[in-house]
2 protein chains.
Amino acid sequence: MREAGKRTRGRGTTARPGRPRQAEVARLAGVSQTTVSLVLGKKTGGAAISEETRQKVVGAAESLGYVPDPAARRLAAARNNLLGVFSFTATFPTDVQHSYYPFLVGVEQEAAAQGYDLVLFTGSSPGGTGGGTHALHRARLADGCLILGRHAPTAELCRLVAEGFPVVHLGRRDEPEGPAWVGADYVSASRGVVERLVALGHRRIVLVREDDEAPASTDREQGVREGLEEAGLPVGPEAVFRSADPARELTSDRVREWVADGVTAFVAEETDTSAAWRALNAALAEAGLNCPGDVSLALLGSPPPDAADGPTPAGFDIPRAQLGAAAVRLLAALVAGEQASEPLVACTFRPGDTLAPPRRTSPQPPDPLPGPRVPGRGRNRNTRTEQGEPTQ
Amino acid sequence: MREAGKRTRGRGTTARPGRPRQAEVARLAGVSQTTVSLVLGKKTGGAAISEETRQKVVGAAESLGYVPDPAARRLAAARNNLLGVFSFTATFPTDVQHSYYPFLVGVEQEAAAQGYDLVLFTGSSPGGTGGGTHALHRARLADGCLILGRHAPTAELCRLVAEGFPVVHLGRRDEPEGPAWVGADYVSASRGVVERLVALGHRRIVLVREDDEAPASTDREQGVREGLEEAGLPVGPEAVFRSADPARELTSDRVREWVADGVTAFVAEETDTSAAWRALNAALAEAGLNCPGDVSLALLGSPPPDAADGPTPAGFDIPRAQLGAAAVRLLAALVAGEQASEPLVACTFRPGDTLAPPRRTSPQPPDPLPGPRVPGRGRNRNTRTEQGEPTQ
DNA sequence: GCGCATCACTAATGCGCATTAGCCGAGAGA
DNA sequence: TCTCTCGGCTAATGCGCATTAGTGATGCGC
């Protein structure tokens, strides 16, 4: 069933039914196939090749237009330089908004850099034809596999992991026996935002967050708390406003009250809906407070795409491409049998247009901070927030 | 140099260093490797397998999570249900504007439907590490390969084709010995736009185009000409305004002149820069003509993304996702050894807000057309423009 | 002038799979 | 009873390459 019917391998003849093999090159150069492999593979691995022979081989290969067969190459090398990418929604959904595209930018780049090609496993969304329940098992075709999104069947996934197959999940996971993962360092990033505010002179800062328990939310709150603590500011319940329905509960009255009470800066968490952020902005507008004149604002994440107009909120961006790249690096390390290291990727500080020193207090940079600094709680060396320069 | 030092293949032990092979499955099922291959390959090729044995094998394979090695499959002259995707720019560039994303939407869907997974060959952009000049030959790992964009090295490409490797290029190509391709049917789509205008009562229509010889341009002009001809309207040089620098040469005076002369509709070609379209709009605005009140306008393509405001121009959209899907279908057919069929994909008519019956002539729908209709030149059955309903 | 270490190269092997040629036992035909 | 299929399976082979043992020559020291 090879090529155009029949069995083509009529060896012995000079016939060249397909593309040339190393054997043909060898014959033409008057050497052995091994020599050809050695010369073209560049690896002198123990053996030495005379310049003369090398030239003969290279010449023969060129004149025949020899190109190695990737399948054979990979088979012989016992690895195929393929990384699987599994998303349990379409990898390229019609709705670009919810796609993994930004991650894939980094995934592709890093994979290329590491010498891997990518296998996109299709049809893993509901109703996929092949595989059925065991869709994930196709991943074994690759040397390792990347999981995007939280929709992978956990049982299957853990099984792959248990069997020693290298798997990296893009996004934090909490299972003890689950796959390796990489995620954004929300804690450090959030702390960094608070540090900025403090450096500008703010002493009363309120975090507005929604009412869920996702790690993404919890981490941000923790970061804010660490930032406050580090500056010796109070971390009591008054520092966090938590609401299941910010649009209703975060009123202009509430905001006025805060401001009257000495609050000079607000920090809102970012979520799918950006409910907290929207509510905060609405309430401020209604209260007649403007930003950054009256109060400073920061958003712990990227602004929603529909809010492209208006000032850019200060805060941080999730470096999606870098996350993708980090995931690939980690996966490549696992494939190579090395140990995984830091799974957190630093976010990028976004200066924005919503920060200013507080109104009434004269900006006393970092000196007269009330309360003691907490020394041991310094930022984590490896994952510290990459803060852009203020002038940037 | 295999795995973590030493030779790992300490066969005989129960050790399972990598993913399971057919041999392991065979051992577990108590049959030979051949039987496993036979059962899992579904090909009863001469041999018959009892249902009992089949069950044992399938069970063993499943419990081990066996997945065939794609490289080995390819080497053994079989299929591996992998389609390669090659883009000679980054497949996921940072600049989303110029990406192949819309095509990939369709590629992914159709690949899933046909039971193929996709291999993204990375690093084919300039400076790619692996492969070097012969980067394209990595494609041989897959059953066939899709080429996006015009940057593939033609020589390599033609070589693959000559060797009988299934290749489909997304976008029209004109080499005689080049790869198969799929493209948008600009001719039919452009003709369809003219037909609309004619149906609305327009009798003097001018095409504004830039001065290049790309097939995309030529095809559109041809479509317009066919549309005019079909309606029995003159197809002389006065029907086409061609300019290397529309911004300068397409003046408001020129436009006024046309209108005074009885022209009631303009059609502009779409290009990277949309120069023709922009110039036309500018000239009309300067001439104080409004659309669709005074004249009707159509754009032979999708509006530039920076012109999101303003009325939606009538015209057609290139169905990128469908093109991707069509490319995959064609490729799958080639892989299966079938013959290729129609490479053209119909564009979608976009009604827009820029069409209206001509001002002074009473709208005489399709009846009193001057001149004879040209019968044989009817639209191409298979590729006719999928025109949206006007009410849509 | 005999061991011994290069040097320059080759024969042999196996990667994981598909395929081909058989092998063995049981029933059918003679 | 002896061959003759034929069903059900397996041993053997090869895909094109990389890798590992060699194998002759040659040079070198003593």
Asks: What do you reckon, is CD of A/Glu52 surrounded by more than 12 foreign heavy atoms closer than 6.0 Å?
Replies: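 Atom CD in A/Glu52 is not crowded, with 12 or fewer foreign heavy atoms closer than 6.0 Å.
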Asks: Where the side chain of B/Ser50 is defined as all heavy atoms beyond and including C-beta, which of C/dC17, D/dC17, D/dC9 is the nearest nucleotide?
Replies: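 Among C/dC17, D/dC17, D/dC9, the one nearest the side chain of B/Ser50 is D/dC9.
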Asks: Compare side-chain N and O positions of B/Gln33 against OP1 and OP2 of D/dA12 and report whether any pair is under 4.0 Å apart.
Replies: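 The answer is no; no side-chain N or O of B/Gln33 sits under 4.0 Å from OP1 or OP2.
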Asks: Counting any heavy atom closer than 4.0 Å, what does A/Val31 reach on the DNA or RNA strands: base, sugar-phosphate only, or nothing?
Replies: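 Sugar-phosphate, no base atom in range.
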Asks: Rounded to the nearest Å, what distance is computed from the CG atom of residue B/Leu40 to the P atom of nucleotide C/dT19?
Replies: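 One finds 13 Å between P of C/dT19 and CG of B/Leu40, rounded.
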Asks: Please report, rounded to the nearest Å, how far the P atom of C/dC17 is from the CZ atom of A/Arg73.
Replies: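 These atoms are roughly 21 Å apart.
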Asks: Whole angstrom is fine here: how far is it from CD1 in B/Ile49 over to P in C/dT19?
Replies: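 Those two atoms, CD1 and P, are 14 Å apart.
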Asks: Using whole Å, report how far CZ of B/Arg74 lies from C1' of D/dC17.
Replies: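 Roughly 16 Å, once rounded to whole Å.
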Asks: Tell me whether the count of non-hydrogen atoms from other residues, nucleotides or ligands lying under 6.0 Å of CD in B/Glu51 goes above 12.
Replies: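 Yes.
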Asks: Determine to 10° how strongly the helix from C/dG1-D/dC30 to C/dA30-D/dT1 is bent, judged from the axes of its five-pair ends.
Replies: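 Result, rounded to 10 degrees: 70°.
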Asks: So which one's nearest nucleotide on DNA chain C is more toward 5', A/Thr35 or B/Asp69?
Replies: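 Upstream on the strand: A/Thr35.
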Asks: Between atom CD in B/Gln22 and atom P in D/dT10, what is the gap in whole Å?
Replies: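 Going from B/Gln22 (CD) to D/dT10 (P), I get 13 Å.
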Asks: Would you indicate, yes or no, if D/dA18 has its OP1 or OP2 atom less than 4.0 angstrom from a side-chain nitrogen or oxygen of A/Thr34?
Replies: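 Answer is no, no contact under 4.0 Å.
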Asks: Think B/Arg21 has a side-chain N or O under 4.0 angstrom from the OP1 or OP2 of C/dG16?
Replies: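 Checking C/dG16 against B/Arg21, a side-chain N or O does come within under 4.0 Å of OP1 or OP2.
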Asks: OP1 or OP2 of D/dC9 versus the side-chain N and O atoms of B/Thr53: is any pair under 4.0 Å?
Replies: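 For B/Thr53, the contact criterion (side-chain N or O under 4.0 Å from OP1 or OP2 of D/dC9) is met.
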Asks: The side chain of B/Leu75 is closest to which nucleotide in this list: C/dC9, D/dC15, C/dC17?
Replies: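 When the side chain of B/Leu75 is considered, D/dC15 is the closest of C/dC9, D/dC15, C/dC17.
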